[in-house]
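Throughout, a chain's letter reflects where its sequence line sits, starting with A, and its residues are numbered from 1. All values derive from a computational prediction rather than experimental measurement.
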Protein chains: 2
Amino acid sequence: MVAGIVQEPLINKGVKSRRDTAIAEDTVGTTQLDTVPEPKYWHLKTVLSEALDSEFSVGEILPNERDLAARFGVARATLRQALEQLELEGRLQRRRGVGTTVAPPRMGVAVGSEQHTWPGAVGDAWQLADCALAVPPSAVAKALETEPDEQVHIVRRSRVTHGQPVAAELLYIPAASVPDLSGIDAPSGAARARGVLRELQRLGLESQDRSVELGSARADDAKELDRLPGAPVLVVTTRFVAEGGTAAVSVATYRADTCRLTFGDAGGVEIHHDPERRAS
Amino acid sequence: MVAGIVQEPLINKGVKSRRDTAIAEDTVGTTQLDTVPEPKYWHLKTVLSEALDSEFSVGEILPNERDLAARFGVARATLRQALEQLELEGRLQRRRGVGTTVAPPRMGVAVGSEQHTWPGAVGDAWQLADCALAVPPSAVAKALETEPDEQVHIVRRSRVTHGQPVAAELLYIPAASVPDLSGIDAPSGAARARGVLRELQRLGLESQDRSVELGSARADDAKELDRLPGAPVLVVTTRFVAEGGTAAVSVATYRADTCRLTFGDAGGVEIHHDPERRAS
DNA sequence: GAGTGGTCTAGACCACCGC
DNA sequence: CGGTGGTCTAGACCACTCC
């Protein structure tokens, strides 16, 4: 669409001008009848998105919010609304006290292959944290078919990819699924977690089903994922079926900003999803 | 946790009090040292979430934002931050000009069974809309292994569950995948879409892989999904492999607020995910 | 301490829905 | 038309990070 002509930068990085390319000028001549006036933050998001494509590279830091807002002639809250959307789409990364940087493309994270495996099988991507005995949330208890006040083993694991934490998981395992824990000395910690998973793997896994939904990070997950509480996450719930019943339930919380969950036979689908260009 | 004692309502629905149960009083005696003062909107979200559980039923409408803000003694923007989170988590539904209502639990939406099938196979959940010939976005072109400026068939479909639109899809099919379209008269529309899919189904499907990521609704998708532009969506990208190459790519946009995507052997996992009670 | 993003306020006006 | 949520403003202060 844009011809090969020299373009004014959408954002003057170094120098501070009164305002850079006022929004009112719109992007080129939109020729659109003002039937439905788009919100400012939406325009802004589009302009910023294009600027990110053409004028910034991954990891580069943007001007701060106050500057950007002034340059575009909008209130900071309005600018922030645009930045929030871009962050939600994985285009930006913001860190308090540091600044806003251009995010790398989302990484593909494999979530379960066709062949069914128990958690903790060789070569899986998870790192054991610890293990405790506690009453699960009622929704999980129902799936496990345990009494609402019955304690189960809860194994915490975390997943790191490319040196970055991407997911935190809670694995709920009823005592009935791991009947013989006599060989395990450790009362808690990674050693015990390892032991519990080893016992679990003795069962024959019949099937597993999974669901994915949007959620927001609880305080503890947020901390582990190096995000603020409330950050958007993809919650992957897996039910492991063995011997006719639910042997375990896993609730894994993935960073929605940096992760693209991949399923299926081969590796990841290599389509980097650019929201502004999805249509034909 | 809450004993069987009579509780003050967290929200007085009918009557307007100066403010209902000030936030400062916190939820019961939290006994927590004020080491890390939680943001107001986070407290608010918790309180509202509990109120939704105990005092409201699905479909019930909440007091309007100005009232609620006044009752809790916060600015409307702060209240809205809490409501936004609850909407993101699928607990609330807000409609401009109407009000805020309590959302039903997210519906499980099956996204592909273990056995691979072409889109348009008998009994799939999609409804054909139309078909056009156009140049796909570059990311899709790369996955299809077509030239960047090569036109492909683009079939639009939509998915309705329980009378509600849940997803909009764009199916990209290179001309090479459907070599013989001679039997199809219609130049466009649902009839042509049907014909193109029928041709596609003649190929042997070898495998398919899928990815899921968070996105925000484009204007046209938003309209079809009955949401505002920018609404959070789960973008499911599927690559269909046949005869050693990519025969088609599907980009499906699901409403993140109302849908829980389910995968796997059996039906849906029946864990309704309540974010506030995920931990033990 | 200086600079960043995160939270919060108290207003205002607009777009939309139903009556 | 009145009432709803959606957008926007111009401030303020706070929490955090880095120097």
Side-chain angles (χ1 to χ4, degrees), chain A residues 16 19 23-24 34-45 48 60-70 72-88 92-103 216-217 219 222-223 226-232 257, chain B residues 16 19 23-24 34-45 48 60-70 72-88 92-103 216-217 219 222-223 226-232 257:
Chain A
K16 302 190 185 188
R19 65 168 65 180
I23 288 234
D34 52 351
T35 52
V36 187
E38 272 181 348
K40 274 190 187 176
Y41 78 89
W42 190 262
H43 266 290
L44 203 41
K45 186 191 127 179
L48 286 169
E60 201 171 345
I61 75 176
L62 268 65
N64 72 56
E65 296 184 351
R66 289 163 181 85
D67 275 6
L68 274 181
F72 284 107
V74 299
R76 197 170 69 116
T78 304
L79 175 82
R80 278 181 60 81
Q81 215 173 337
L83 294 184
E84 265 151 37
Q85 284 242 356
L86 289 170
E87 190 180 28
L88 198 80
L92 292 179
Q93 191 160 349
R94 298 144 93 201
R95 270 174 305 170
R96 171 157 52 177
V98 180
T100 302
T101 59
V102 180
S216 52
K223 201 172 144 194
D226 193 25
R227 300 255 54 200
L228 290 175
D257 54 344
Chain B
K16 301 190 183 187
R19 65 166 67 178
I23 287 235
D34 53 352
T35 52
V36 187
E38 272 181 348
K40 274 190 187 176
Y41 79 90
W42 190 261
H43 265 289
L44 203 42
K45 185 191 129 181
L48 287 170
E60 203 171 341
I61 76 175
L62 267 64
N64 71 57
E65 296 183 350
R66 291 165 180 84
D67 275 6
L68 274 181
F72 285 108
V74 300
R76 196 179 149 218
T78 305
L79 175 83
R80 278 180 61 80
Q81 216 173 335
L83 294 184
E84 265 152 36
Q85 284 243 353
L86 289 170
E87 191 179 27
L88 199 80
L92 291 179
Q93 191 161 349
R94 297 145 92 200
R95 268 174 307 171
R96 172 158 48 179
V98 180
T100 302
T101 60
V102 180
S216 52
K223 201 171 144 194
D226 193 26
R227 300 255 55 199
L228 289 175
D257 55 344

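Residues B:Tyr41 and A:Pro229 come closest through the heavy atom pair OH-O, 4.1 Å. Pairing each heavy atom of B:Phe72 with each of B:Leu44, the nearest pair is CG-CD1, 3.6 Å. Closest heavy-atom contact between B:Ala69 and B:Leu79: N-CD2, 3.8 Å. Between A:Lys40 and A:Thr78, the shortest heavy-atom distance links the atoms CB-CG2, 4.2 Å.
Phosphate proximity of C:dG5 to A:Arg80: absent, as no side-chain N or O sits under 4.0 Å from OP1 or OP2. Phosphate proximity of C:dG3 to A:Asn64: absent, as no side-chain N or O sits under 4.0 Å from OP1 or OP2. Dashed line: the shortest gap from a side-chain N or O of A:Thr100 to OP1 or OP2 of C:dT4 is not under 4.0 Å.
Counting any heavy atom pair closer than 4.0 Å across all strands shown, A:Leu228 reaches sugar-phosphate atoms only and no base atom.
Rounded to a whole Å, the CG atom of B:Leu83 is 14 Å from the P atom of D:dT7. Between B:Leu68 atom CG and D:dG3 atom C1' the separation is 15 Å, expressed in whole Å. Whole-Å rounding puts the B:Gln85 CD to C:dG6 P distance at 13 Å. Taking atom CD of A:Glu87 as the reference point, atom C1' of C:dT4 lies 14 Å away to the nearest angstrom. Atom C1' of nucleotide C:dC17 and atom CZ of B:Arg94 are separated by 16 Å, given to the nearest angstrom. Between A:Lys45 atom NZ and D:dG6 atom C1' the separation is 16 Å, expressed in whole Å. Rounded to an integer number of Å, the gap from CD of B:Glu65 to P of C:dA15 is 17 Å. For the pair A:Arg227 CZ and D:dC16 P, the interatomic distance rounds to 15 Å; values are reported in whole Å.
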Measure all distances between protein nitrogen or oxygen atoms and nitrogen or oxygen atoms of nucleotides 17-19 of chain D, and list the pairs falling under 3.5 Å.
none

Could you go through nucleotides 8-11 of chain D and list every protein N or O atom that sits under 3.5 Å from one of its N or O atoms, giving the distance for each pair?
from: D:dC8; atom 1: OP1; to: A:Lys40; atom 2: N; distance (Å): 2.1
from: D:dC8; atom 1: OP2; to: A:Tyr41; atom 2: N; distance (Å): 3.2
from: D:dT9; atom 1: OP1; to: A:Lys40; atom 2: NZ; distance (Å): 2.9
from: D:dT9; atom 1: OP2; to: A:Ala75; atom 2: N; distance (Å): 2.8
from: D:dT9; atom 1: OP2; to: A:Thr78; atom 2: OG1; distance (Å): 2.4

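Contact annotation: the side chain of A:Lys45 approaches that of B:Ser216 to within less than 4.5 Å [non-hydrogen atoms, C-beta and beyond].
With sequence neighbours left out, the side-chain contact (heavy atoms from CB on, under 4.5 Å) criterion links A:Leu92 to A:Leu52, A:Leu62, A:Leu83, A:Leu86, A:Thr100.
No more than 12 heavy-atom neighbours from other residues, nucleotides or ligands sit within 6.0 angstrom of CZ on A:Arg95.
Summarising the geometry, atom CZ belonging to B:Arg76 is positioned 11.0 Å from atom CG belonging to B:Leu68; distances are rounded to the nearest 0.5 Å.
Remark: of the listed residues A:Gln93, A:Arg227, A:Arg94, A:Arg227 is the sole one forming a side chain to side chain donor-acceptor pair (under 3.5 Å) with A:Asp257.
Looking at B:Arg66, its side chain comes within 3.5 Å of the base of D:dG5 through a donor and an acceptor atom.
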